[in-house]
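As the structure lists them, so they are numbered: ligands from 1, and atoms in each ligand from 1. Only this structure's heavy atoms are used, side chains among them; waters, hydrogens and symmetry mates stay out.
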Amino acid sequence: MYLQKRSRILRANPAIRSMVAETHLRTSDFIAPLFIDEGKGVHQEIASMPGYFRNSLENTVKEVKALHDLGLKSVLLFIKCKDELKDNTGKEAWNPDGLMQRSIKAIKEAVPEILLMTDVALDPYSSYGHDGIVKNGEIVNDETVEALVNMSLSHAEAGADFVAPSDMMDGRIGAIRNAFEKNGFSKTGILAYSAKYASCFYGPFRDALDSAPGFGDKKTYQMDYANRTEAIKEALQDVEEGADILMVKPALAYLDIIRDVKNAVHVPVSAYNISGEYAMIKAAAKMGWLDENKAILETLTAIKRAGADLIATYFAKEAMQLLQD
Ligand code: PBG
């Protein structure tokens with residue numbers, strides 16, 4: 001057989017394959033989400049996220065040290081709010097002595113080099129489990145944005161490096177940026193969840209934080225998964241309003257969106273390899289149906305290949321360990 005081109009030449013052995021690989025995972029790609037709980041000595045496995053834990057603050061600090069020792073650059077903090085502190089204003093979200101604010105300070109003090117990102121949305125604090133303030137059964141935009149600004153300022157004040165608004169209200173990026181400028185937080189960044197879809201894959205996360213919506217769903221603020229161009233509109237608007245980094249979420253069923261957004265903007269793009277995506281791999285591996293380590297690396301490489309510069313993932317630790325081998 002005479003062939004002018006033989007593509008298999010570049011696949012012949014590990015040496016040539018690694019030389020021509022187009023995508024490389026690095027430890028600096030990962031953002032590790034962490035779930036923090038009140039109390040002491042808490043190390044509670046999340047039922048629908050085997051191998052992932054909700055920790056009290058002192059255990060979280062230990063975990064951040066361990067992750068930093070493996071080379072991790074950044075963590076994304078979520079807290080579980082006590083039921084008695086939840087209401088329809090979300091005011092616990094900007095309590096200067098709240099669990100989030102105490103966590104930011106303690107982690108910064110223990111591991112000053114780690115970049116601290118904080119989730120900004122009202123759902124963990126909302127008695128309705130919604131990302132915003134509820135009036136007559138509706139999630140109201142503009143009052144929610146005021147609350148998100150208060151929340152962001154209190155995170156910046158406590159020492160967060162980036163706030164990460166995950167709420168999908170209109171105009172919140174500009175409002176937060178303005179408030180940062182006015183209040184002397186010109187060094188605090190914004191990682192904007194620009195294209196966040198109303199997804200069933202958030203289920204395990206809502207178990208982790210006990211934050212499932214009490215009525216209805218999140219479709220009046222999170223995006224419709226049928227839409228693609230709308231993600232570009234949202235992304236461009238957030239860049240315009242001052243976002244430093246954008247986020248597409250979820251990741252796996254949305255690889256086309258990651259690529260579209262990456263091609264449309266000139267800021268770094270991150271993707272969130274969310275709880276349901278973690279749970280699927282864990283469940284299949286537990287059944288013996290998938291090789292977990294291979295599935296992790298293939299998944300994360302695919303997300304990066306699609307265009308993500310950064311990946312928030314519950315597999316951060318395992319992936320860093322695998323990359324060291
Ligand atoms: C809440 C928030 C959610 C996630 C991150 N921030 C859930 C939601 O919007 O209901 C999901 C993360 C995951 O599933 O891993 N604003």
Discussion item. Does the structure place the NZ or CZ of Lys249 under 6.0 Å from the centre of the six-membered ring of Tyr202, at an angle of no more than 45° from the ring's axis?
Written reply: yes
Worksheet item: Hey, is CD on Glu113 packed in by over 12 heavy atoms from elsewhere, all under 6.0 Å?
Response: yes
Worksheet item: For atom 14 (O) of ligand 1, what is the nearest protein heavy atom, given as residue, atom name and distance?
Response: Ser275 OG, 2.7 Å
Worksheet, complete the sentence: The option among Asp167, Asp123, Asp217 carrying the non-hydrogen atom nearest to atom 1 (C) of ligand 1 is Asp123
Worksheet entry | Polar atom proximity, Tyr193 to ligand 1 (N or O, under 3.5 Å) | no
Worksheet entry | Gap separating the CG atom of Asp238 from the CE atom of Met247, nearest 0.5 angstrom | 12.0 Å
Discussion item. Using every non-hydrogen atom in the two residues, find where Ile257 and Ala195 come nearest and quote the distance to one decimal.
Written reply: CG2-CB, 4.3 Å
Worksheet item: Near Asp119, which atoms of ligand 1 are under 4.0 Å from a heavy atom of that residue?
Response: 6 (N)
Worksheet item: Hey, which atoms in ligand 1 end up nearer than 4.0 Å to a heavy atom of Ala121?
Response: 16 (N)
Worksheet item: What's the shortest distance from atom 2 (C) of ligand 1 to any protein heavy atom, and which residue and atom give it?
Response: Lys196 NZ, 3.2 Å
Worksheet, complete the sentence: Ranked by distance from atom 3 (C) of ligand 1, the top protein heavy atom is Phe205 CE2, 3.3 Å
Discussion item. I need the contact type for Tyr278 against ligand 1. Using non-hydrogen atoms and a strict under-4.0 Å cut-off, is it side chain, backbone, both or neither?
Written reply: neither
Worksheet item: With sequence neighbours excluded, what pairs up with Glu181 under the salt bridge (Lys or Arg N to Asp or Glu O under 4.0 Å) test?
Response: Arg177
Item to complete: Please answer: with hydrophobic residues joined when any side-chain heavy atoms are less than 4.5 Å apart, are Leu290 and Ile296 in the same cluster?
Response: no
Practice prompt. Please indicate whether Glu22 has more than 12 foreign heavy atoms, meaning atoms of other residues, nucleotides or ligands, lying under 6.0 Å from its CD.
Written response: no
Worksheet, complete the sentence: Per-atom filter on ligand 1: closer than 4.0 angstrom to a heavy atom of Tyr314 are 12 (C), 13 (C), 15 (O)
Worksheet item: In the protein, what heavy atom is nearest to atom 8 (C) of ligand 1, and what distance, to one decimal place, separates them?
Response: Lys218 NZ, 3.3 Å
Practice prompt. Check whether any N or O atom of Ser166, backbone or side chain, sits under 3.5 Å from an N or O atom of ligand 1, and answer yes or no.
Written response: yes
Discussion item. Quick check on the 6.0 Å ring-centre criterion: do Tyr272 and Tyr197 meet it?
Written reply: no
Worksheet entry | atom 6 (N) of ligand 1: the protein heavy-atom neighbour that sits closest, reported with distance to 0.1 Å | Lys249 NZ, 3.3 Å
